[in-house]
Amino acid sequence: MKPMGPIPPEFGMANPLEIGGKSAEQWAGEGNTPLFVYDIDIVRARAAALRSSLPKTLDIHYAIKANPLPAFVAAVSPLFDGLDVASSGELAVALDSKPASAISFAGPGKRDGELEAAIRAGATINLESSGECDRALAIGERLGITPRLAVRVNPDFELRGSGMKMGGRASPFGIDILDATNVVARLRAAGADWRGFHIFAGSQALDSSAIIETQAATIALAGKLADEIGVAPPLVNLGGGFGIPYFNGDTPIDLPLIGNALSAQLDHRPDTLAESGFAIELGRFISGECGVYLTRVIERKESRGETFLIVDGGLHHQLAASGNFGTVVKRNYPVAIATGAPGAPTETVSVVGCLCTPLDRLADRVTLPIAGVGDIVAVFMAGAYGRSASPTAFLGHPLPAELLANLRQS
Ligand SMILES: *Cc1c(COP(=O)(O)O)cnc(C)c1O
């Protein structure tokens, strides 16, 4: 038997599961399994918790790559001050619900067409390299539009304990500290609208003191760079990195502690940042816990003493739960039998998807109420990096073409 992570408190013990007042069977009646359900009330609760804990002057942005479903973005956008996007597909979604002035575009590989779309719309581009700065300036000149450009800095520190490190090393993300001031000088000399700094040091951190340390280091770094340039950045985007408890032993972050520390840091910030605005951008903290993936058992089998529930979904929809997305060790997301009854006897089972690969395992030897064909399995924590982080849909990039060579009348 292997443990699983905690079910988000809003779903209780999940026996039987209700999402937004409806049973799993009712949702399956509306959408057929497999399907995702996102409870917007849970996003509202996370937004309220952020607002009540974090400094009032801090802008809170939603990084829509965590869940870019257009209807979802439209529903949650009013709760946040801005949207961060990572492709021109996401930019188009964001523009439906926020003005371009509240949208920023990050990502290490923005194509010319994507830079052009952002410049035409008036969104802020977070520059990730000196070459990208040149391309953005040239496109702005060709279009006769002043581009809004911020510089993403590759910090010389990392977010300790973060699930995905994005700083403190050689990196495709952001511009190295030593080059950052040169790039700012170049884009200002070219007449671009310099929007400030973006510093993102990591993701999925559950250690509140590490988050506090990183925010302090980020503010100090922005102050040092602003001193060198001699101009205050209009905005300092502090990144995010707030994690959520996916696995056994994970505990939620302490938002009031983080908020109090950040208030004190902003009160005592370097003089050069006195006039600057501040923002954070969060993806999974906002959308992760609101989502449930529902998938129906199509077969139950025993093999060499182990029991398998074979379901109609799999890693093609929920790659992260299968442990094949940014994790080294396979650990279990929280799962439940959504059609189970309270107090039912339990057993140890593995929940596997319908794909023909041993990687397609949604839960490995977990303890669940005894279930059979027709029951519905719920996989929690499916609101961020779920459906859209299945490989071809990630970030809304276009599908690759598939071409045939040697095509002749065989
Ligand atoms: C992915 C990403 C985010 C969101 O990260 P989460 O871990 O989902 O909060 C924020 N900003 C940038 C630049 C990103 O690339």
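Between Arg186 and Ser130, the side chains place a donor N or O and an acceptor N or O closer than 3.5 Å (distance only, hydrogens not considered). One side chain, Ser350 or Arg361, offers a donor N or O that lies under 3.5 Å from an acceptor on the other. With hydrogens and angles left out, the side-chain atoms of Asp364 and Asn332 include no donor and acceptor closer than 3.5 Å.
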Begin with the C-alpha distance, continue with both residues' side-chain angles, and end with the deciding distance and a verdict on salt bridge (Lys or Arg N to Asp or Glu O under 4.0 Å) for Glu158 and Arg169. CA-CA 8 Å; Glu158 65 182 19; Arg169 55 182 69 199; 3.5 Å; yes
Full working for salt bridge (Lys or Arg N to Asp or Glu O under 4.0 Å) between Asp267 and Arg269: CA-CA 6 Å; Asp267 287 348; Arg269 63 184 182 267; 5.8 Å; no
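Within the 4.5 Å cutoff, side-chain heavy atoms of Leu359 are placed close to those of Leu315. Between Ile219 and Leu262, the closest side-chain pair of non-hydrogen atoms falls below 4.5 Å. Using a 4.5 Å heavy-atom cutoff, the side chains of Leu83 and Ser77 are in contact. In this structure, the side chains of Asp84 and Tyr62 stay at 4.5 Å or more apart for every pair of heavy atoms. Using a 4.5 Å cut-off on side-chain heavy atoms (C-beta onward), Thr124 and Leu149 make no contact.
Residues meeting the side-chain contact (heavy atoms from CB on, under 4.5 Å) test with Ile177, sequence neighbours left out: Val153, Asp156, Leu221, Lys224, Leu225. Taking Glu275 as the reference, nothing meets the salt bridge (Lys or Arg N to Asp or Glu O under 4.0 Å) condition, with sequence neighbours excluded.
Sorted by first and then second residue, the salt bridge (charged side-chain N to carboxylate O under 4.0 Å, His left out) pairs with a member in residues 42-55 read Glu10-Arg46, Asp41-Arg44, Arg46-Glu289, Arg51-Asp81; sequence neighbours excluded.
Remark: Lys301 NZ is loosely packed, at most 12 non-hydrogen atoms of other residues, nucleotides or ligands lying under 6.0 Å away. Atom CD of Glu141 sits in a sparse spot, with 12 or fewer heavy atoms from other residues, nucleotides or ligands closer than 6.0 Å.
Ion pair Asp312/Arg296 not flagged as a salt bridge, since none of the NZ, NE, NH1 or NH2 atoms sits closer than 4.0 Å to an Asp/Glu carboxylate oxygen. Between Glu116 and Arg111, none of the side-chain N atoms (NZ, or NE/NH1/NH2) sits under 4.0 Å from a carboxylate O, so this pair counts as no salt bridge. Using a 4.0 Å cut-off between charged nitrogen and carboxylate oxygen, Glu347 and Arg300 count as a salt-bridge pair.
Figure legend: cation-pi geometry between Lys110 and Phe105, with NZ or CZ positioned under 6.0 Å from the six-membered ring centre and within 45° of its axis.
Below 30°, between 30° and 60°, or above 60°: for His317 and Phe36 the angle between ring planes is above 60°, a perpendicular geometry.
Residues Tyr246 and Phe380 place their aromatic rings such that the two centres sit no closer than 6.0 Å.
Here CG of Leu159 is found 8.5 Å from OG of Ser203. Values are rounded to the nearest 0.5 Å.
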